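Comments concern the structure below.
A quick note: this is a predicted structure, and the numbers were derived from the prediction, not measured.
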Amino acid sequence: MKDIYCIVGGTFVVSGIIMAIMKTDTGIFEDFNRLLTKSQQGIYKQIIRERSMIYISGMLLGLFLGMYYLWKNPDDTYRFCKFLVIVYGVKLGFYYLFPKSPLMLYSLTTQKQVSAWADIYTEMKRRWITSLLLGFIGYVSLSMALLKK
């Protein structure tokens with residue numbers, strides 16, 4: 001069970017790759033944006049910018065802490081796996097815990113806008129869960145194939 005770090009870290013890496021290459025339907029975002037007023041579009045762009053900066057900051061902090069771990073533990077058998085868990089764990093934790101401006105939902109004024117936003121939320125949640133499941137399956141499959149050789 002010592003390799004749990006490799007399972008978690010590998011799942012996050014493969015999941016991240018899947019999310020990066022997953023075909024994205026930009027139509028739902030374009031439809032949502034068309035429903036917004038100019039003022040709401042400004043708020044939406046500001047929220048996207050803010051969240052992107054929080055995400056990048058979390059990734060940089062995770063990389064820094066992961067590199068520090070590698071430097072302090074040069075003889076750890078599972079050091080690379082633990083590095084991955086630190087990087088992704090810090091990134092996700094930082095993103096979820098960092099204070100953010102109010103959700104876009106609070107700036108919406110019509111039922112069509114709320115419905116379009118719910119479609120985006122549902123789609124992004126589906127992508128995240130799919131990428132984690134595929135990441136786990138991909139990591140386990142790759143590990144099993146490599147162990148057979």
Side-chain angles (χ1 to χ4, degrees), residues 2-74 76 78-143:
K2 291 180 182 178
D3 61 349
I4 189 72
Y5 296 107
C6 292
I7 293 170
V8 173
T11 297
F12 281 145
V13 168
V14 176
S15 174
I17 292 168
I18 290 169
M19 281 292 284
I21 61 175
M22 192 180 285
K23 183 183 180 305
T24 57
D25 174 18
T26 57
I28 59 173
F29 298 99
E30 292 166 358
D31 292 344
F32 175 69
N33 203 42
R34 276 193 289 273
L35 293 172
L36 300 177
T37 65
K38 291 289 182 198
S39 173
Q40 289 171 323
Q41 287 175 354
I43 293 168
Y44 186 49
K45 286 178 187 173
Q46 182 181 349
I47 289 172
I48 291 171
R49 226 179 348 260
E50 174 194 59
R51 305 275 171 124
S52 296
M53 291 307 300
I54 294 169
Y55 180 87
I56 291 167
S57 298
M59 180 58 94
L60 292 174
L61 178 61
L63 284 170
F64 173 77
L65 293 174
M67 295 299 282
Y68 180 76
Y69 176 82
L70 289 177
W71 177 62
K72 286 298 222 180
N73 299 283
D76 187 345
Y78 297 101
R79 68 192 284 250
F80 183 69
C81 296
K82 290 177 182 178
F83 165 80
L84 293 174
V85 170
I86 291 168
V87 171
Y88 282 92
V90 168
K91 175 187 76 167
L92 290 170
F94 186 86
Y95 184 82
Y96 283 108
L97 295 175
F98 195 87
K100 299 170 195 69
S101 58
L103 297 170
M104 184 65 199
L105 183 62
Y106 296 117
S107 297
L108 304 179
T109 55
T110 70
Q111 186 57 46
K112 281 187 178 184
Q113 290 174 341
V114 172
S115 293
W117 183 250
D119 291 343
I120 288 174
Y121 177 82
T122 302
E123 175 63 16
M124 295 309 290
K125 185 172 145 183
R126 184 195 62 77
R127 289 181 194 177
W128 173 243
I129 291 169
T130 301
S131 73
L132 282 176
L133 288 173
L134 292 175
F136 177 74
I137 292 167
Y139 173 77
V140 170
S141 300
L142 183 63
S143 296

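In terms of heavy-atom proximity, Leu84 sits nearest to Gly10 at CD1-N, 4.4 Å. In terms of heavy-atom proximity, Val90 sits nearest to Gly58 at CG1-O, 4.0 Å. For the residue pair Gln113 and Thr37, the shortest heavy atom distance occurs at NE2-N, 4.4 Å. Here the shortest heavy-atom pairing between Tyr5 and Val85 reads O-CG2, 3.3 Å. What you find for Pro102 and Tyr106 is that their closest heavy atoms are CB-CD1, 4.1 Å. The minimum heavy-atom distance linking Ala116 with Leu35 is given by the pair CB-CD1, 3.7 Å.
Taking CG from Asn33 and CD1 from Ile120, the interatomic distance works out to 8.5 Å, rounded to the nearest 0.5 Å. One finds the CE atom of Met59 at 6.0 Å from the CG atom of Leu63 (value rounded to the nearest 0.5 Å). Atoms OG1 and CH2, from Thr122 and Trp117 in turn, are 11.0 Å apart once rounded to the nearest 0.5 Å. The structure places CE of Met104 at 5.5 Å from CD of Gln40, a figure rounded to the nearest 0.5 Å. Between atom CD1 of residue Ile18 and atom CH2 of residue Trp128 there is a gap of 11.0 Å, rounded to the nearest 0.5 Å. Separating the CZ atom in Arg79 from the CG atom in Asn73 is a distance of 8.0 Å, to the nearest 0.5 Å.
Tyr88 and Phe12 have parallel rings, their planes meeting at less than 30° on a 0 to 90° scale where 60° marks the start of perpendicular. By the 30° and 60° cut-offs, the orientation of the rings of Tyr68 relative to Trp71 is tilted.
Within the 4.5 Å cutoff, side-chain heavy atoms of Leu36 are placed close to those of Leu108. Contact of the Phe83 side chain with the Tyr78 side chain is not registered, since no non-hydrogen atoms from C-beta on lie closer than 4.5 Å. Contact annotation: the side chain of Leu134 never approaches that of Ser15 to less than 4.5 Å [non-hydrogen atoms, C-beta and beyond].
Heavy-atom neighbours of Tyr69 OH from other residues, nucleotides or ligands within 6.0 Å: above the threshold of 12. Atom CZ of Phe136 sits in a sparse spot, with 12 or fewer heavy atoms from other residues, nucleotides or ligands closer than 6.0 Å.
Each salt bridge (Lys or Arg N to Asp or Glu O under 4.0 Å) pair with one or both residues in residues 47-73, not counting sequence neighbours, would appear here, but there are none.
Listed by chain and residue number, Arg34 satisfy the side-chain contact (heavy atoms from CB on, under 4.5 Å) test with Asp31 (two or more places apart in sequence, or in another chain). Here Phe98 pairs with Phe94 under the ring pair (Phe, Tyr, Trp, His ring centres under 6.0 Å) rule; sequence neighbours left out.
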Taking it one step at a time, do Thr130 and Arg126 satisfy side chain to side chain contact (heavy atoms under 4.5 Å, CB included)?
CA-CA 6 Å; Thr130 301; Arg126 184 195 62 77; 4.0 Å; yes

Verdict with supporting geometry, Glu123 and Phe29, side chain to side chain contact (heavy atoms under 4.5 Å, CB included)
CA-CA 10 Å; Glu123 175 63 16; Phe29 298 99; 5.9 Å; no

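With hydrogens and angles disregarded, a donor-acceptor distance shorter than 3.5 Å links the side chain of Lys100 to the backbone of Tyr95.
Judged by the 6.0 Å and 45° rule, Lys112 forms no cation-pi pair with Phe32.
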